[in-house]
Amino acid sequence: MRYRICLFAALTLSPIAATAYSQEESVRPGINDSFRDPVVSEFVERFEVESREVFERRKEILAACEIKPGQTVADIGAGTGLFTRLFSEAVGNEGRVVAVDIAQNFLDHIQATSRVVGQRNVETWLGKADSTDLPPESIDVAFICDTYHHFEFPQKTMASLHRAIKPGGRLVLIDFRRVTGESSDWVLDHVRAGQEVFEAEIIAAGFTKLREEPELLKENYFVVFEREGAREADAPRDFGRGPGVGRGPGPEMRADQAVFHDLLERHAKIRRSVTQLENGVETLTESDDPAVAAQIQEHAEVVSLFVQHGFDEAHRNHAVPTAATDATPELEFPIIPSHGGVLPRPDAVEQPRAGAKVV
């Protein structure tokens, strides 16, 4: 017997689901083709002109970033180095600016131009399509200007940024306003989602929204986030109170993660196909295993509720489906009262830090 579930929707995964799978497919294939081997002079003419809002308002944007002398700032998707040069002046001789881009041509241009004007605090860093590859806790501020919509693997890229930003560090996001009926056809075709979706993805990656500057820009929006978590020496960790600043997930969230982990372990028993539609996607997820099919069905019901009610649904409790079991189950996910679940994951984004307790 085949167990089938069909969903007609364009969905954003919940934070729990997002942390439970490895993002393998680009969310926007081909969007970075023009940056594989860019002609820098052509992009200087496009990026550094008064008709471009972020160039015309560059000084106001710099002031809103509140960069302090001595900080380390990463310019993500630095391009021609417009803001890299501005940040270099702001952080001073004791600070550091890391220009990150996937195009070596851009980085070579930034390296050369910064040396010409004597900006010795500028470094260049070649990133990947799915990662900035920056060292852990190496930067104070990450700046993403008109670049986030170019992230082909936003989950993986944001995970790499979460690692790179120091606890309590900030992330500044500038991107195009995408509003049907208001935005240009170019924005609607080029930018995959609006501000609400991008903010939700960043928050799911472990950031908290601090503030927004609604009057600063018209074609773009300006939002500041803070990286959640504090250094071990700065704040005690409370593993029993759920997700939050400096805390791990609570027992309920870990139990939910266990279900997704169980589905991942049994992925060979699951078949999934996706058909692109004009107004979304049609997905078919099925299994010949009755227990696995039941899990799929129960999770599909919760996803449907999120589609119907939006973010309000996130504040409601949802029953966690019972994990499927084999004839001889192995105890891989013990739940310790008042602490949560223990699930060794050597390849996890976050590993135990110095001073962490081991049970």
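All values below were derived from every heavy atom in this structure, side-chain atoms included, with hydrogens, water molecules and symmetry-related copies excluded.
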Are Arg52 and Asp146 close enough that some pair of their side-chain heavy atoms sits under 4.5 Å apart? yes
Do Leu171 and Met158 have side chains that get closer than 4.5 Å, going by heavy atoms? yes
Does one side chain, of Thr208 or Glu226, offer a donor that lies under 3.5 Å from an acceptor on the other? no
Between the side chain of Asp133 and the main-chain N/O of Lys128, is any donor-acceptor distance below 3.5 Å? no
Provide the closest heavy-atom pair for Phe83 versus Cys145 in the form atom of the first, atom of the second, distance. CE1-SG, 4.0 Å
With a 6.0 Å cut-off on ring centres, are Phe176 and His190 close enough? no
In terms of heavy-atom contacts, Ala129 and Phe153 come closest through O-CD1, 3.6 Å
Is the shortest distance from a Lys or Arg side-chain nitrogen in Arg177 or Glu53 to a carboxylate oxygen in the other one below 4.0 Å? no
Greater than 12 external heavy atoms within 6.0 Å of Asn93's CG: no
Grab the two heavy atoms, one from Gly79 and one from Asp101, that are nearest each other, plus how far apart they are. N-OD2, 2.9 Å
What I want to find out is whether Glu66 reaches Lys68 closely enough, with some N-O distance under 4.0 Å, to be called a salt bridge. no
Which of parallel (below 30°), tilted (30 to 60°) and perpendicular (above 60°) describes Phe106 and Phe35? tilted
Is there a side-chain contact between Ser114 and Arg85 (heavy atoms, below 4.5 Å)? no
Which pair of heavy atoms, one from Pro29 and one from Ser26, lies closest together, and at what distance? N-OG, 3.1 Å
